[in-house]
Every structure is written in structure tokens, then in C-alpha cells.
Amino acid sequence: MKKQLEKTYDPASFEDRIFHTWEEKGYFHAEIDPDKKPYTIVIPPPNITGQLHMGHALDETLQDILIRFKRMQGFSALWLPGTDHASIATEAKIVEAMREEGLTKEQIGREEFLRRAWAWKEKYAGRILEQLKKLGSSCDFARERFTLDEGCSKAVREVFVRLYEKGLIYRGERIINWCPHCKTSISDAEVEFVEKEGSFWHIRYPFKDGSGYLELATTRPETMLGDTAVAVHPDDERYRDLVGKTLILPIVGREIPVIADEYVEMDFGTGVVKITPAHDPNDFEVGLRHNLPVINVMDEGGNINENGGRFAGMSGAEARAQIVRELDEAGLLIKTEPIKHNVGTCYRCRTAVEPRVSKQWFVKMQPLAGPAVKCVEEKEIKFIPERMEKIYYNWMSNIKDWCISRQLWWGHRIPAWYCADCGETIVSREDPCVCPKCGSKNLSQDEDTLDTWFSSALWPFSTLGWPEQTEELKYFYPTDTLVTGYDIIFFWVARMIFSGLEHMGEVPFKTVFFHGLVRDGQGRKMSKSLGNGIDPLEVIKEYGADALRFTLVTGNSPGNDLRFTTEKVEASRNFANKIWNAARFVQMNLDIDETGLPELTAMEDKWIVSRFNTLVREVTENLDKFEIGVAAAKVYEFIWDCFCDWYIELVKPRLYEKGTQACLSAQKVLVYVLTETLKLLHPFMPFITEEIWQTLPHEGDSIIISPWPEYSAEREYPAEEKQMELIMGAIRGVRNIRSQMNVPVSRKAKLVIVTKDKELFQSGTVFFEKLAAASSVETADSPESAGENAVSVVVEGASIFIPLDDLVDRVKEIARLEGEQARLKAEIERVEKKLSNEKFVSKAPEAVVAEERKKKEKYQNMLADVEKSLAALK
RNA sequence: GAGGGUAUAGCUCAGCUGGUUAGAGUGCUUGCUUGACAUGCAAGAGGUCGUUGGUUCAAGUCCAACUAUCCUCACCA
């Protein structure tokens, strides 16, 4: 005999145990199997900076649902897990931890720093994997990867060298975004603009010849130390004659020219702009056009450097205050007005970004962007939902070169060496010993590392062994589905696409399935600073992983954000509890240990099997369409409404007739429908489905590798479905009227069913007795036997009379029936109006018209019945 | 400045390729120790589907404009 289910549903008591068994048995391992089709998902590697949050929980749940579904369908389903070294974020965390010990990076040196970083990685990557397991993620853990492991590093190096050799990677002095806190360059994508209150200082720059002043305004007066020109618009009448004249830069004393450039907006401010090529991206461009000198006045910490003369050593803020004061004293400050403007900030530390000219490595984007756009346009890669394509095109079409070098230690070191003797740059797959140009051994490697996204961009193929031509790569690449949030479409999705095309010659994935952000109950982003984050592990502890997973995928459609509340988790937990109890009920009424369907004779058996069959089709179709929420809702509805509230109740009488054929067949159908439904639910709620499945008759070792149910036309019973609908409608009708009249269930009453289909309603006798508090059921051609004082309810196919003598109030009853009469008349009128519209009849599809005709007939029959009842009462 | 999302029951949201008597969960009301489940059962109230037009035999669903709200990108010194 199999183990009995515990009386109460307690997920904490079995979830871990089940997961360990799965792992031990190796169910998550995907083999290269020529007899199977591959299905591959690579995980969006979580950063090793911390722990999984609710957004991860959603992401992993969706992936796990797809993987489990495909695995059951017989694919060799690989879900490849791993983590991301997250260079800038991790380095920041480590630096911060060191500061608490009173240490700096420079003090301990590169080697020691990296040792600490690896220790950090060991700790946090392990923690993340544990969290994945708590969620039930069926990753192939044997294939775990890390963006900075040996294989990924090899891929990064190969890519770098290739792109360099093709001229798609170059090094140059450009204006880049500099984070003074992280002390590194960051890419355009890593800058976030935030609206801040600032000041707009209006100042005067005097002409050298003493002929007056030019007025201009700035939000950053300290950058004037690096001004090398003042610009006006070439068409600006006011200043046309001044172009070419020389100004004396206040405080600094440098002579700078007045130039004309179309970049200047005549209508904004005074129409005069100071030009600081070293510290503003637009000014940099102007500088290039006019051959202006570039004077960098800030160091890597955002402080004024030696080019700032006597201001050297001051912080930006100090210099600003001092310069404003001096300008004011010199009578050159006209006014200061408050202004709201957008300030670029570092997406990791929120520090204001300092645009700064420096020598960095870049990827030339234009040649890569073209094919990347094309493959989406041509649907080689499908975006779900489709609208995400627009966001992608929008970004791709305005793309600028990608700054990939970072002044950090934690990351892939740039494989470039410089010859101290001849200045040659060497980029190669192997570390060079001598300069190929001059033979010097005096080589030094570039100090910088690569943007963390440079390695994540290669993730779909680097994890499968590339640049080696491995069997895994051949079998599992391109991957099938990428599941991720829309917030990293630029950082990651776009870069994987052009990288896959460039290096593999093939798209990295066929479908990108975007989900939204998980928000709190008020719709706010969950964040540390707001303190409104909910820890998925806490939820799992209290409600179970199944409840959490179910919550994250129900009532939500692709790409849309969702609000997370514990009320929803409770509802999911209640659902799990419902299944648990249904299974317990089945189990405690079970005398057999076999699977499979018996010969179906009973109407209710055919009904539930037919409904289940439909469910199989719907769930499969919706999962194929990534309509996870719809698929989940279908299973929910089937289990709760069809199976529990109706089918189990319907067969209870049979179950209590021990030893009969009817009893045995009911058991078989119960087991069949329940175990097969558990399979459909398994991708969503893996733990409870396995736990229950193991206690019921089943074939195979685990539900996780059991075959996905298949739709079969032979198991459709439309006639019985219709019959059951009529019976159920009648039961609902009787319950309804009894409830309205406040008749307690304990007071049974006779039903006189006036119908043309006596056989059908007679066969439902036991259901009426059980579910509609009927003492007996009589079918008849007229309601005479119900006596004078009977209420009646008209349902499709029958009028039901209930003699409730003392409770019947004829006046109320007449009013009620008249209400019903009016409702039906309105319905009929509506349908008739449609049907009398010649255009509708001629243009609408035949099936739609036929449907309306059927409706009309049905309502007319019901109306006739209601009117008969009314006539009898009157 | 450019692009996009959302607007359906008190609340949170479904409603796929136009045809349903507009749905679910939750909340609310009423009645139930109905031989698994009160984390439950049954019945019920509650919606002019943001506004105005248009397309169509037919619009919650498609189109346009508007209003509200959220987001992304760009950024004017």
C-alpha cells in the first residue's frame, strides 16, 4: 500500500525532500540525444552581488514551467544555470566591505583584491543556486557556468580578438560617461537621467578688445576652467558680427574664440553657449568640428586637477562655489536662477556622472546593428509580446559605439599589450612575450577590464563550449527561448542578438519571452530604499514554493507588470490545499492500484473525461503561446470547479456502494483524471503534484518525467457534456430557488420535473437527491402531482416544480415568474432583432447565425414554460 | 522632444485571431458542523468595458482623436 497523504497540507514538510530526490535521480540533466529534439533555455545569470528577489522568482518560475512542460513532452530539455560576475556591482560591494576594514583596493593590490573577489563569488554564487532550488528550478546543475569562468573567459578573449582584427573594436580618446564614485567609465546604457533641482548661473565673458561682454548661462560653472570657446548659432543676427572675435575667459584668463555652430539653440537662454569639450558630449562634438583644444580639468574622483590652476585639488562642488563667488566679486555674475534639469547618474551607485574625455575601448556598433535588426524584422527571433520589437528597433536605430573598457579589476582583463619601446598595441589570443614590431620584451598589459555585459552577450554560446565546436553547441544551439524582463532589453537582449549573429552566424534564441516587473501592492517598484521588497524565501517558508510560483504566473499576461500581495499568495495556497484534500478524498476511497480508464458508461464519467480532454488541448495550446497565466487559470478552474465541486460530488453515491462495478469504475476515473490533471499542473506547482502523484496509482518513477497528456478526439463526448450541462443547470436552478426562499438543506423536497426528456432527468435522480436536496424526483408531462402550492423554476430543457406548501407565497411567486418572463422576452427580442436583420443573416458566418437561431429556440421554449407556470398559478 | 504601455465589478487583474446573457481571484451580503477541504460548501449583490467619433451585419475587442496615468529613449548649455 502506498503512503497516505498527511491530513494537512504542509509544503515545508516535503518540498526540500522532493527536490533532493529529483536531483539525486538526475532528472534535470539533459543529454545529447539524437532521438529527441532539443529544447534549450539559458538562464539570465543572476548577479553574484546578493540574493534572489521577487523579480528573479518570476523569471525562474516562468523558465521552469517551460522546461518542465517540454521535458514532459519528450524534448531533451536543457535549462542551463549560472551566475554573472557583475563587475561594477560586485567590485563596489567588495570595496565597500574592505572600507569597513579600513582597506582600499590600492593598499591590497590587484592580486589580493581578486582573491577576495573570488571568495565572494564562491559564497554568493552558491547561495543563489540554493535559492534556485528552493523555488523548484529544474536546472541542469551539472552544467552550471559563471561569466568569468575559464570557458567564458576564453570566449570573451576570442570575441575581442576577432572584433579587433575586423576593425570592430578600437581604442580611442572619446568623451565617455565617468562615474566619480565607482571611478570607472560606464556605457551610455548605464546612465540614468534623473530630474534634479539646480541653478542656472548667468555670467559675462569679456571681449579681449574691451568692447564689452557676451552673456551666457551655465548649470556647471566649474567646468569653465576647461572652456576653449564660446559658440553662437551661425544664423543668429544678434551675434553674427562677433564670430571670430576673442574673449578672455574670466578667472582663468585664457583667450578663447567666439565660434559659430548649428548645435546652439538660438531661443534657449541668451543663445550663447560656453564650450567645454572635455566635459560635455555635445561640446566635444563641437570641439571636433572646430579643432578646439580639449582641456580636461577633472581627475577620476571628480576633483579639479592640475589643469584647473589654483583650483586644483578642490572637489567639484568646492570649485563651483569658489568660482561663483569670484565671478560675483568681479561683477561678472548677472544672476542665479533655480532650474530643474536632468542629471545623468550611474545606474549602480546613483552618483552624478561626469562626462569626461579619456582613452577607452569601443565596439563599433553600426555594422553589427543592421543584421540584428533584420533578424527580428524577419521573425527569425520572435518577441513576445510583439510590441517589445518597437522598443528594440528604436534603440538599435540610434545606437552609438559601445564603450567596453572599465577601470575595474573584477572582470575580464582586456587582452591588449603595449610596447614601451615602439608604442605598438598587441591584441592576441595568446599572451605575447615580445613585441612583434620591434622585438622588445618591454610589454605591459592594459590595466582595464571589460564591461560585464560584454561577457553576458556571449552567454548563449559561451556556456555551450564555444569557441570549441562542442557537441553541446551543435545540439543545443541556437537556444529556444529567452525569458527575461523588458528592463534589460538594451543591456542584454540586443547585445546577445548581434553577438550570436556575428560569432555563431545564427540567432542566439528563437523566441524572447518578456515578462514585466514585480511591484508591491500599491504598484511601486520593490526596492531596498523603499523597504517594500518581499523576500521570496520568506514567502516559500510560510506558504510553500508552489503557492509562490502559482501566484507569480496567474492573472498576468506577457510583458505586463504585476502587483504582488500576500492575499494572492494565500489564494494560491488555498488552491494547493484544495488539491491536497481532493487527493486525500480520492485516496481514502480507493480500493484499486491500477491506472487507466475503464469502459466509460456513466454520463458523468464521460463528461469529466471529455472536459479533461478539452483541458489538455487548452493548456498545451496556451503554454505553446506563452500564455502562462491563461494556462494556469484553466487548470485551476478545472480542478476546483469541474473536478472538486462537481465530479467528486457526483460520484460520491457510487463510491459508497462498495464492491459494485459503478464504485470501481468511479475510482478508476477519479484516479485517471486526477493523476493526469496533476501532470498538467506539474510545471506550475511541481512539488505538490509530485507528492500526491507518488501516493496514487501511477506508472513510472516521477511525475517530472511522465509523459505530457495528449488530446484525443476519441475522448470527446459532446452528447454527454450537453446532458450534464442540463442536469447541472437544473441543480443550480433548484438550489437558487431554495436559497431565495431560505429553505434549509435539511428540509428535503420532492421535485416534479416537467420535461420532454424524461429519461435524462430521471437518470439524474441521484444527483438531485445529493446536490439539490431532493427527497424524490418525478418526471411528468404536467405539474399536477406537485400540487397547488409549488414553486417552479424554468431551466433549459425542463420546468421544475417544488411543492413547498407552507413556504409558498403565491403573490411573490407570480412576481418572480413575471420577472423571469420579462428577462426571457428581452433576450428573445434581442435575438430576433439580430435575426431579422437581413444583412446579419446574409453576411455573418453560418455558424454564428445558426447559434443565434438555437438561442432563440431555447429562450422561446423556456418562456413558454414560464408562462405555463404563471397560468397555473393564476 | 520621440516612442510605447495601461484605462473592464469596491480592490487586483483575465478576456488570444471582432459574434459570450462581459469573467476570475479577493472583498461584501445571506444560508450551511452537506461522510476531502471553514485554507471549505451553496446562493446573491456589484460593471453605461476612460471620453468622443469611425470601420463593420456585429466593437470590451479594430482605427482615429481626446483625457488620465505609468514607462522607455533623447536631452537645451
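Reminder, nothing fancy here: chain letters follow the sequence lines and each chain counts from 1.
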Practice task
Could you tell me the separation between the CG atom of A:N837 and the C1' atom of B:rA58, rounded to a whole number of Å?
Solution key: 9 Å
Practice task
Look at all strands and tell whether A:Y859 reaches a base, only sugar-phosphate, or nothing, counting heavy atoms closer than 4.0 Å.
Solution key: base
Handout entry: Aromatic A:W402 / basic A:R495 pairing, under 6.0 angstrom, 45° off normal
Key = yes
Exercise for the section: For the pair A:H233 (side chain) and A:G271 (backbone), establish whether a donor and an acceptor sit closer than 3.5 Å, ignoring hydrogens and angles. Expected result: no
Problem - Whole angstrom value for the distance that separates C1' of B:rC11 from CD of A:E570 - result: 15 Å
Fill in the blank from the handout: In whole angstroms, the gap separating C1' of B:rA24 from OH of A:Y636 amounts to 8 Å
Completion exercise
Rounded to whole Å, the CD-C1' distance (A:E851 to B:rU21) equals 13 Å
Fill in the blank from the handout: Per-nt protein contacts along nucleotides 69-77 of chain B (heavy atom under 4.0 Å; B base, S backbone sugar-phosphate only, - none) come out as ---SSBBBB
Problem - Phosphate contact (B:rU12 OP1 or OP2) by A:T565 side-chain N/O below 4.0 Å - result: no
Problem - Where protein sits on nucleotides 32-47 of chain B, one letter per nucleotide: B base, S sugar-phosphate only, - none, heavy atoms under 4.0 Å - result: --SBBB-BSSSSS---
Completion exercise
Within residues 824-836 of chain A, the residues having a heavy atom closer than 4.0 Å to RNA chain B are A:E827, A:R830, A:K834
Handout entry: A:R563 side chain, from C-beta outward: closest of B:rU12, B:rA14, B:rG19
Key = B:rU12
Handout entry: A:K652: side chain to side chain contact (heavy atoms under 4.5 Å, CB included) partners, not counting sequence neighbours
Key = A:F585, A:I648, A:E649, A:Y656, A:K770
Fill in the blank from the handout: Here the distance between atom P of B:rU6 and atom NZ of A:K390, to the nearest Å, is 10 Å
Problem - Distance, rounded to the nearest Å, where A:E386 contributes CD and B:rC16 contributes C1' - result: 13 Å
Fill in the blank from the handout: Exactly one candidate in A:V539, A:L552, A:N574 meets side chain to side chain contact (heavy atoms under 4.5 Å, CB included) with A:V569; the answer is A:V539
Practice task
Tell me what A:K568 touches on the nucleic acid: a base, only sugar-phosphate, or nothing, going by heavy atoms under 4.0 Å.
Solution key: sugar-phosphate
Completion exercise
Separation of B:rU21 atom C1' from A:K854 atom NZ, nearest Å, is 16 Å
Fill in the blank from the handout: The dot-bracket string of RNA chain B, counting Watson-Crick and G-U wobble pairs with both distances under 3.5 Å, using [ ] for crossing pairs and | for pairs to another strand, is (((((((..((((.....[...)))).(((((.......))))).....(((((..]....))))))))))))....
Practice task
Sequence neighbours left out, what pairs pass ring pair (Phe, Tyr, Trp, His ring centres under 6.0 Å) with at least one residue falling in residues 553-575 of chain A?
Solution key: A:F550-A:F575, A:F575-A:Y636
Problem - Atom-pair distance (CD1 on A:I489; P on B:rG5), nearest Å - result: 13 Å
Problem - Exercise: do A:N177 and A:E190 side chains pair donor with acceptor under 3.5 Å - result: no
Practice task
Could you check whether the rings of A:Y347 and A:F491 sit parallel, tilted or perpendicular, using 30° and 60° as the cut-offs?
Solution key: parallel
